[in-house]
Amino acid sequence: MIYFEKGSEKESLSRQDIQEGLYEAFKQLGKKEKVIAVPPDYTRFHSRAGLITQLTRKYYGEHLTDILPALGTHAPMTKEQINKMYGDIPHELFRVHDWRNDIVTLGEIPGDFIKEISEGKVDYPWPAQINKRLAEGNHDLILSVGQVVPHEVSGMANFNKNIFVGTGGVEGINKSHFLGAAYGMEKMMGRANTPVRKVLNYASEHFANHLPIVYVLTVIGLDENDELVTRGLYIGDDMECFKKAAELSLKVNFTMLDEPLKKVVVYLDPEEFESTWLGNKSIYRTRMALADDGELIVLAPGVKKFGEDQINDQLIRNYGYVGTPRILELTEKNEDLRENLGAAAHLIHGSSEGRFSITYCPGKLTKEEIESVNFQYADPDSMLEKYPPDRMKEGFNRMDDGEEVYYISNPGLGLWAWKEKFQDA
């Protein structure tokens, strides 16, 4: 059921609105003795999950016993990131999810089901894996917190993805990512009912329906002054809650363009984006908007590595972003990619398929490193001077030399597409 819902394209929910909605839902849920919160990590800083988690602690006090950031494949949060995102919540409440070791398997979805929903693209079974603390911690409330926004793997982010991917294991994460990449990212982004979502829903219904999971879903957008505002808050324990949030997100976070874009400049906040693993949102969130032979410039002053962990970083360095056909061929031939299908999927996500150029401007990777993975390189200082983020506005900009570019300050906030490209997909 839905415990609280409020939102619209013009809504701007205040801190007080969020607190009242959250506490109204908690009141309906009744007394809880042992609560675990599963919010996103720092890469979803703008989700309002930090505020929601602080309000949750204020309400439940000592009964909030654990906070498990849904890291997925990401690096653990630093103390500084925890302080900035979660305020004065004691650090001893935070648990680190280890996606390679810290999981249990609740059940397995048969390969025949995967083959059917992927239209024959893949046919392997899929394990429903989650952090063992969720399965074995004896909590009477698992509060999954996060933002619904268009997403490259599941179509729309969050809901049960926060559990099965955010706290998932190696095999489950890798296979879900590869399923989406093999099926076709452009057929999935901005759609709530995708093969990956069908897998996650199957897992929820068959293997996790005994767990006391309640979802707190936000929709975040930019107002007329390019300031972030909360457009929606939806709290519930079923698919209807997610559907309502997804419907609003498509209105708020999806920019449909009448013409393809010839030149796009994307800025990656150095506090949020330290790897191409995360920073390639700049590629896949804009790929349906870019014209053939267009140009994407990625201003990435904080990027210092490719992968979020050493194994994935090395795989990216070994194979590069060389397009779907080549990556599928390499995956078939190389065991290291077959054992890390999430990395193979990432390499597909990060390629333009030769359709447009990608110029990375990283603060802490060399020209040789960038070019070795099949990107073009440009000096970050000179490009930041040419395209200064503090002087650019969202959308179309006319530069001093007459050049027209389309600027995006944070690719994680949305999806951009040329309407014909979106319809064709």
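Position 1 is the first residue of the sequence; numbering continues from there. Note that the structure is predicted; figures quoted are calculated from it, not measured. Just so you know, these numbers use all the heavy atoms, side chains as well, and skip hydrogens, waters and symmetry mates.
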For [X], does the [atom1] atom have more than 12 heavy-atom neighbours from other residues, nucleotides or ligands under 6.0 Å away?
X	atom1	answer
Asn209	CG	yes
Lys262	NZ	no
Lys304	NZ	no
Lys243	NZ	no

Determine whether a donor-acceptor pair (N or O, by modelled atom type, separation under 3.5 Å) exists between the side chain of [X] and the backbone of [Y].
X	Y	answer
Trp416	Met256	no
Glu9	Val252	no
Thr276	Gly279	no
Ser249	Val148	yes
Asn83	Glu80	no
Lys34	Gly137	yes
Asp223	Asn225	yes
Asn162	Val38	yes
Arg287	Glu353	no
Arg231	Asn253	no

Heavy-atom distance under 4.5 Å between the side chains of [X] and [Y], does that happen here?
X	Y	result
Thr194	Met189	no
Ile18	Leu55	yes
Phe159	Ser154	no
Asp309	Trp277	no
Tyr377	Leu365	no
Lys281	Phe273	yes
Leu415	Met288	yes
Glu20	Glu24	no

What pairs meet the ring-ring contact (aromatic ring centres under 6.0 Å, His included) rule with one or both residues in residues 110-154, with sequence neighbours excluded?
-> Phe113-Tyr202

Which pairs with one or both residues in residues 7-30 pass ring-ring contact (aromatic ring centres under 6.0 Å, His included), sequence neighbours excluded?
-> Tyr23-Tyr59, Phe26-Tyr59, Phe26-Tyr60

Let me confirm one number: the [atom1]-[atom2] distance from [X] to [Y], rounded to the nearest 0.5 Å.
X	Y	atom1	atom2	result
Ile117	Lys198	CD1	NZ	6.5 Å
Met1	Gln28	CE	CD	5.0 Å
Ser275	Asp313	OG	CG	8.5 Å
Ile163	Asn158	CD1	CG	9.0 Å
Asn138	Ile36	CG	CD1	11.5 Å
Met77	Met85	CE	CE	5.5 Å

[X] and [Y]: which non-hydrogen atoms are nearest, and at how many Å?
X	Y	answer
Tyr407	Pro389	OH-CB, 3.4 Å
Pro270	Glu274	O-CG, 4.0 Å
Ser176	Val153	O-CG1, 4.0 Å
Glu271	Gln81	O-NE2, 4.2 Å
Ala343	Asn312	CB-OD1, 3.5 Å
Ala203	Phe164	CB-CZ, 3.7 Å

Tell me, with the steps shown, if Tyr42 and His74 meet side chain to side chain contact (heavy atoms under 4.5 Å, CB included).
-> CA-CA 10 Å; Tyr42 198 78; His74 301 169; over 6 Å; no

Step-by-step side chain to side chain contact (heavy atoms under 4.5 Å, CB included) determination, Ser409 to Met392 = CA-CA 9 Å; Ser409 65; Met392 307 277 280; over 6 Å; no

Do the numbers put Arg197 on top of the ring of Phe242, so that NZ or CZ is under 6.0 Å from the six-membered ring centre and no more than 45° off the axis?
-> yes

Within the 3.5 Å criterion, strictly below it, is a donor on [X] or [Y] matched to an acceptor on the partner's side chain?
X	Y	answer
Asn160	Tyr215	no
Asn280	Tyr360	yes
Arg48	Thr218	no
Ser204	Asn201	no

Electrostatic pair Glu171:Lys175 at N-O distance under 4.0 angstrom | yes

Answer yes when Arg95 and Asp102 have at least one side-chain N-carboxylate O distance shorter than 4.0 Å, and no when they do not.
-> no

Steps toward side chain to side chain contact (heavy atoms under 4.5 Å, CB included) verdict (Leu328, Phe178) = CA-CA 10 Å; Leu328 292 177; Phe178 193 75; 3.7 Å; yes

For Leu257 and Thr255, run side chain to side chain contact (heavy atoms under 4.5 Å, CB included): C-alpha distance rounded to whole Å, both residues' side-chain angles, the deciding distance at 0.1 Å, then the answer.
-> CA-CA 6 Å; Leu257 300 156; Thr255 302; 4.1 Å; yes

Proximity of Tyr321 and His346 rings by center, below 6.0 Å = yes

